[in-house]
Novice: 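A single structure is presented below for examination.
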Amino acid sequence: MSETALVTGPTAGIGQAFAQQLAARGYDLVLVARDEERLEKTAAELRAAHGVEVEVLSADLTDRDDMARVEARLADEARPVDLLVNNAGFGLKERFLDNPADVETAMLDILVTAVLRLSHAALGPMAERGHGGIINVSSVAAFLPRGTYSAAKAWVNSFSEWAANEYRPRGVTVMALCPGFTKTEFHARMDVGRDSAPGFMWLDADKLVATALSDFDKGRIYSIPSPQYKAIATAARLVPNSVLQRFQSMGRK
Ligand SMILES: NC(=O)c1ccc[n+]([C@@H]2O[C@H](COP(=O)([O-])OP(=O)(O)OC[C@H]3O[C@@H](n4cnc5c(N)ncnc54)[C@H](OP(=O)(O)O)[C@@H]3O)[C@@H](O)[C@H]2O)c1
């Protein structure tokens, strides 16, 4: 019987690459995002290209009632989910004090609360069955002082590392994927141009996800695709935060 993966944010960018590559591996899919028309279009393309079963679940992951429907789907013992990809997310262009607190809270809800609640819903049944996996899409920003987005992604890294060690003995693999700048809709949604970071810094979502899935197959706790971002993650541990903070406007213009 085929395995099932639930992917949040599968209609664009990194999540779309996950949905395509998981379907190519034979996974049936549950797709979660807000725009129902786009979800149905993505589902139809995946069914046609890969012959897999695709369910769509329209939900805004900053809304607690919508989130509850996704949690219920993950906890449904009759239709087990073998792999959860917590990918949906957005960033904010403005500095902390220039954003209303509610906007900051919505970002925290999707980057942290959704990862916590969906992992909580999925991990119980996975640990019970002794089989499953979770990929949390974090960011290289987790290693850098870049405001509340970095702080949220640092939570994702810390949580993923802990959960990976906690649940590995129970058959569940957990990995944090830390992309650098990747060509998706993320920056356009923030109203930020591609010229906000040098060309060599931009990654391709398909290659990024191929590396991530290969790292996941190897049981790695972290996946940091591409040499330049591996170097940044290493350097960030050695350079004082006060120096790193000077680069925080990169990717926000
Ligand atoms: N691109 C980068 O440079 C980069 C770098 C490091 C980390 N990341 C991380 O990678 C992940 C994916 O980003 P991406 O670059 O692929 O973004 P993207 O191209 O903008 O795609 C975002 C996806 O998330 C969904 N989404 C957005 N808000 C949502 C909400 N409130 N509820 C449910 N779904 C929602 C979108 O669909 P709807 O709009 O229809 O809901 C879409 O499918 C994020 O966690 C991001 O923080 C990105």
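Atoms within each ligand, like the ligands themselves, are counted from 1 in listed order. Positions are given from 1, in the same order as the sequence printed here.
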Novice: Please verify whether a non-hydrogen atom of Lys153 lies at under 4.0 Å from ligand 1.
Specialist: yes

Novice: Just checking Glu185: does its CD atom have more than 12 heavy atoms from other residues, nucleotides or ligands closer to it than 6.0 angstrom?
Specialist: yes

Novice: If the threshold is 4.0 Å, N to carboxylate O, is there a salt bridge linking Lys41 and Glu37?
Specialist: no

Novice: Can you pull out the closest protein heavy atom to atom 3 (O) of ligand 1? Residue, atom name and distance to 0.1 Å, please.
Specialist: Thr182 N, 2.8 Å

Novice: Using a 4.0 Å heavy-atom threshold (strictly under), name the region of Ile110 that reaches ligand 1: side chain, backbone, both or neither.
Specialist: side chain

Novice: Under 4.0 Å from a heavy atom of Pro10: give me the atoms of ligand 1 that qualify, with their elements.
Specialist: 43 (O)

Novice: Check for me whether Tyr149 has a heavy atom closer than 4.0 Å to any atom of ligand 1.
Specialist: yes

Novice: Does Gly193 offer a backbone N or O that forms a donor-acceptor pair with the side chain of Ser196 under 3.5 Å?
Specialist: yes

Novice: Number the atoms of ligand 1 from 1 as they appear, then name those within less than 4.0 Å of a heavy atom of Ala88, with their elements.
Specialist: 24 (O), 34 (N), 35 (C), 45 (O)

Novice: With a cut-off of 4.0 Å, which atoms of ligand 1 are near a heavy atom of Asn87?
Specialist: 11 (C), 12 (C), 44 (C), 45 (O)

Novice: Can a non-hydrogen atom of Ala205 be found less than 4.0 Å from any atom of ligand 1?
Specialist: no

Novice: At what distance, to the nearest 0.5 angstrom, does CZ of Arg69 lie from CG of Asp60?
Specialist: 10.0 Å

Novice: Quick check: do Leu74 and Leu118 have side-chain heavy atoms less than 4.5 Å from each other?
Specialist: yes

Novice: Is any side-chain heavy atom of Gln16 closer than 4.5 Å to one of Thr184?
Specialist: no

Novice: Taking the side chain as everything from C-beta on, heavy atoms only, tell me whether His187 gets closer than 4.5 Å to Trp202.
Specialist: yes

Novice: To the nearest 0.1 Å, how far is atom 13 (O) of ligand 1 from its closest protein heavy atom, and which atom is that?
Specialist: Phe186 CD1, 4.0 Å

Novice: Quick one: are Thr4 and Arg79 in side-chain contact, heavy atoms under 4.5 Å?
Specialist: no

Novice: What is the nearest protein non-hydrogen atom to atom 37 (O) of ligand 1, stated with its residue, atom name and distance?
Specialist: Thr11 OG1, 3.4 Å

Novice: Please classify the His187 to ligand 1 contact at 4.0 Å (heavy-atom distances, strictly less than): side chain, backbone, both or neither.
Specialist: side chain

Novice: Quick one: are Asn165 and Ile221 in side-chain contact, heavy atoms under 4.5 Å?
Specialist: yes

Novice: Just need the protein heavy atom nearest to atom 25 (C) of ligand 1, so name the residue and atom and give the distance.
Specialist: Gly9 CA, 3.6 Å

Novice: Closer than 4.0 angstrom: is that true for some heavy atom of Ser138 and an atom of ligand 1?
Specialist: yes

Novice: Please work out whether any backbone atom (N, CA, C, O) or any side-chain heavy atom from C-beta onward of Ala141 is under 4.0 Å from ligand 1, and answer side chain, backbone, both or neither.
Specialist: neither

Novice: Taking side chain as C-beta onward, heavy atoms only, is Phe216 less than 4.5 Å from Leu177?
Specialist: no

Novice: At under 4.0 Å between heavy atoms, which part of Lys183 makes contact with ligand 1: side chain, backbone, both or neither?
Specialist: neither

Novice: List ligand 1 atoms under 4.0 Å from Asp60, heavy atoms only on the residue side.
Specialist: 30 (C), 31 (N), 32 (N)

Novice: Less than 4.5 Å apart, any side-chain heavy atom of Lys153 and any of Phe143?
Specialist: no

Novice: Mind checking whether Arg34 contacts ligand 1 via backbone (N, CA, C, O), side chain (CB onward), both or neither, at a 4.0 Å heavy-atom cut-off?
Specialist: both

Novice: Give the numbers and elements of all ligand 1 atoms closer than 4.0 Å to a heavy atom of Val137.
Specialist: 9 (C), 10 (O), 11 (C), 45 (O)

Novice: I need the atoms of ligand 1 closer than 4.0 Å to a non-hydrogen atom of Phe181, numbered in the order shown.
Specialist: 3 (O)

Novice: Is the shortest distance from a heavy atom of Arg189 to ligand 1 less than 4.0 Å?
Specialist: yes

Novice: Over 60° means perpendicular and under 30° means parallel, so classify the ring planes of Trp162 and Tyr167, tilted if in between.
Specialist: perpendicular

Novice: Check whether any side-chain heavy atom of Val70 sits under 4.5 Å from a side-chain heavy atom of Arg117, and report yes or no.
Specialist: no

Novice: With heavy atoms of Ala59 as the reference, note each atom of ligand 1 found under 4.0 Å away.
Specialist: 32 (N), 33 (C)

